[in-house]
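Computed from a predicted model, the values in this text were never measured in an experiment.
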Amino acid sequence: MARDERGVTPQSEDFSAWYNELVFKAELVDRGPVRGTMVIRPYGYRIWELLQAGIDRRIKETGHVNAYFPLLIPESYLRREAEHVEGFAPELAVVTHAGGKELEEPLIVRPTSETVIGEMMAKWISSHRDLPMLLNQWANVVRWEMRPRMFLRTTEFLWQEGHTAHVDEDDAIRETLLALDLYASVAREIAAMPVVAGEKTAGERFPGARRTFTVEGMMRDGRALQSGTSHYMGTNFAKAFNIQYTAESGELEYAHTTSWGMTTRMLGGVIMTHGDDKGLVLPPVLAPYQVVIVPIGRGDQAGQVLPPAQELAGRLQRKGIRAHVDTRTHLSPGFKFNDWELRGVPVRLELGPRDLAGGTTLMSLRLGQGKTPVSLDSAPARLEAELGAFQDMLLRRATDFRDEHTNTVGSWGEFAEAVKTGWALAPHCGQPSCEDDIKAETSATPRCIPLDGPPAEGRCIRCELPSAYGKRLVFGRAY
RNA sequence: CGGGCUGUAGCGCAGUUUGGGAGCGUGCUGGCUUUGGGUGCCAGAGGUCGCGGGUUCGAAUCCCGCCAGCCCGACCA
């Protein structure tokens, strides 16, 4: 069928137009009245809830507890950690008036909560027996962004921020890496995104952090998306907020803190990792509807098809499958097929008189071609298996895509070519100015120093000074 | 914040050059018809022309300011 305004611009024609149209047409979001703000609509919010549930479960399984800290932060708190203020100053929203008058001290709408949480930790921690302190909060934060994009960079976004305090560096680093691993497993097992876990170079570090780690995913246009970050703060915040404890030795020591976050940006990652020209493709774990049943009836038969469709949905639901019957009577089946494909539903079942007569239903997979008859009796077990296979297939497909678009490069020419369509694995000298040159010429940046990258010496791909990291870095253009 | 483009019915757009009637497609409502890949016909509702100011007898149209969106840069989860 010729492209019309009911579909989306094909990815190959204009990837960002595809994305921008899709988030609205799939009814994931709408625009808020304030620049860069986003209304997350029920269909989009359900996906977030499912992602949230998976993250929250893992956070709790690893011994963390949830709490909630206030939205408004005294400006003076931010000033206490020099790099932190400097890093966030340009993107802060500040409340100067309240209660009908100007405030004596302006209040910051939190861009992140290190400072308030640090202040409270100082109050709650006094002995090594109070450590580690493993906190997490689910919250909204505000960062005034120059170029907003739905999910990827919005002025206000939702996230989870873990904040922990530890007796020493070893324990804090262990925590930092544990959170990173948690994010990698969330990305792979829930979102079916094959991320690369690694450390950021100095230039890409979080303001105030000693070390920053990241999981990076590859989108279908070859660009990288930072999908979760974990920071080791050293004693920077402990010193700024006086988080001290008495050690077994009786000495007063500063705690070592960490923080880590995963955000609604992840949904942008899901869209751009799996979506195609027909629209969204949702991993079953995150799909609000895993199976949609389209009843097909002609005239009087419409009424006869509905009860068996509902009955089938009920049997699927009892199996734990999120099944939905599309009961809209004013729309043709063809319209519904396209509609649910746009919205990324993994499996569609058609149920009409012909199927009922044979005791079957016609199954179509979101990325498959053709339709397969499935007996109604075996449907719950069959669909459970199909959904599992679909989830696995998405991860495999995304991994293959990522690998096909990742090149180990041996020259600057190869590097420049590689980052046009994907990632380049290359040695680097570690000089910030050299990173800048690379960015200026190719718009690629070091995404991370992969944790499991094999040792590799050699010379910087750009300036030929000796490699600073002992292994190759992942370079790519990023969101 | 710099450069370029845009804002007219829910959505997509024409009309703006050369000032005077607010239109088209789709969607929406009602009815009939249809339903296995975006049904067809008939009737109908729906717009402060992004917001504010100015010029004019008269502004969607000309001028100034602001807001929002898209693309390209600097910032970022």
> Is the aromatic ring of A:Phe157 within stacking range of B:A77, meaning centres under 5.5 angstrom and planes under 30 degrees?
Replying inline: yes

> Can you list every pair that meets side-chain hydrogen bond (donor to acceptor under 3.5 Å, both in side chains) and has a residue in residues 177-191 of chain A, with sequence neighbours left out?
Replying inline: A:Arg58-A:Ser185, A:Arg58-A:Glu189, A:Gln160-A:Tyr183

>> In whole Å, I'd like the distance from the CD atom of A:Gln226 to the C1' atom of B:A77.
In response: 6 Å

N/O donor-acceptor pairs under 3.5 Å from side chains in residues 308-315 of chain A, not counting sequence neighbours:
{"from": "A:Glu311", "atom 1": "OE2", "to": "A:Arg315", "atom 2": "NE", "distance (Å)": "3.2"}
{"from": "A:Arg315", "atom 1": "NH1", "to": "A:Leu376", "atom 2": "O", "distance (Å)": "3.2"}
{"from": "A:Arg315", "atom 1": "NH2", "to": "A:Leu376", "atom 2": "O", "distance (Å)": "2.8"}

> For residues 49-75 of chain A, which residue pairs qualify under ring-ring contact (aromatic ring centres under 6.0 Å, His included), counting only residues two or more places apart or in two chains?
Replying inline: A:His64-A:Trp260

Under 3.5 Å, which donor-acceptor pairs do the side chains of residues 218-225 of chain A form with other protein atoms, sequence neighbours left out?
{"from": "A:Asp221", "atom 1": "OD1", "to": "A:Arg223", "atom 2": "N", "distance (Å)": "3.1"}
{"from": "A:Asp221", "atom 1": "OD2", "to": "A:Tyr479", "atom 2": "OH", "distance (Å)": "2.6"}
{"from": "A:Arg223", "atom 1": "NH2", "to": "A:Ala478", "atom 2": "O", "distance (Å)": "3.1"}

>> So if I take residues 34-50 of chain A and measure heavy-atom distances to RNA chain B, which residues fall below 4.0 Å?
In response: A:Arg35, A:Gly36

>> Could you tell me how far B:C51 sits from B:A60 if I compare only their C1' atoms? Round to whole Å.
In response: 14 Å

> Any cation-pi pair here, A:Arg348 with A:Phe337, using under 6.0 Å and within 45°?
Replying inline: yes

> So, does the side chain of A:Glu21 form a donor-acceptor pair with the base of B:G12 at under 3.5 Å?
Replying inline: no

> Who are the salt bridge (Lys or Arg N to Asp or Glu O under 4.0 Å) partners of A:Glu417, not counting sequence neighbours?
Replying inline: A:Lys420

> So what does A:Arg328 touch, heavy atoms closer than 4.0 Å: a base, only the sugar-phosphate, or nothing?
Replying inline: nothing

> Taking the same atom, P, in B:G37 and in B:U29, what whole-Å distance lies between them?
Replying inline: 24 Å

> For B:G69, does either OP1 or OP2 sit under 4.0 Å from a side-chain N or O belonging to A:Asn20?
Replying inline: no

>> I'd like to know if A:Arg149 reaches the base of B:G69 with its side chain such that a donor and an acceptor end up less than 3.5 angstrom apart.
In response: no

>> Using whole Å, what does the distance between atom P of nucleotide B:A77 and atom CH2 of A:Trp144 come to?
In response: 18 Å

> With sugar-phosphate meaning primed atoms plus P, OP1 and OP2, does A:Arg147 contact a base, only sugar-phosphate, or nothing at under 4.0 Å between heavy atoms?
Replying inline: base

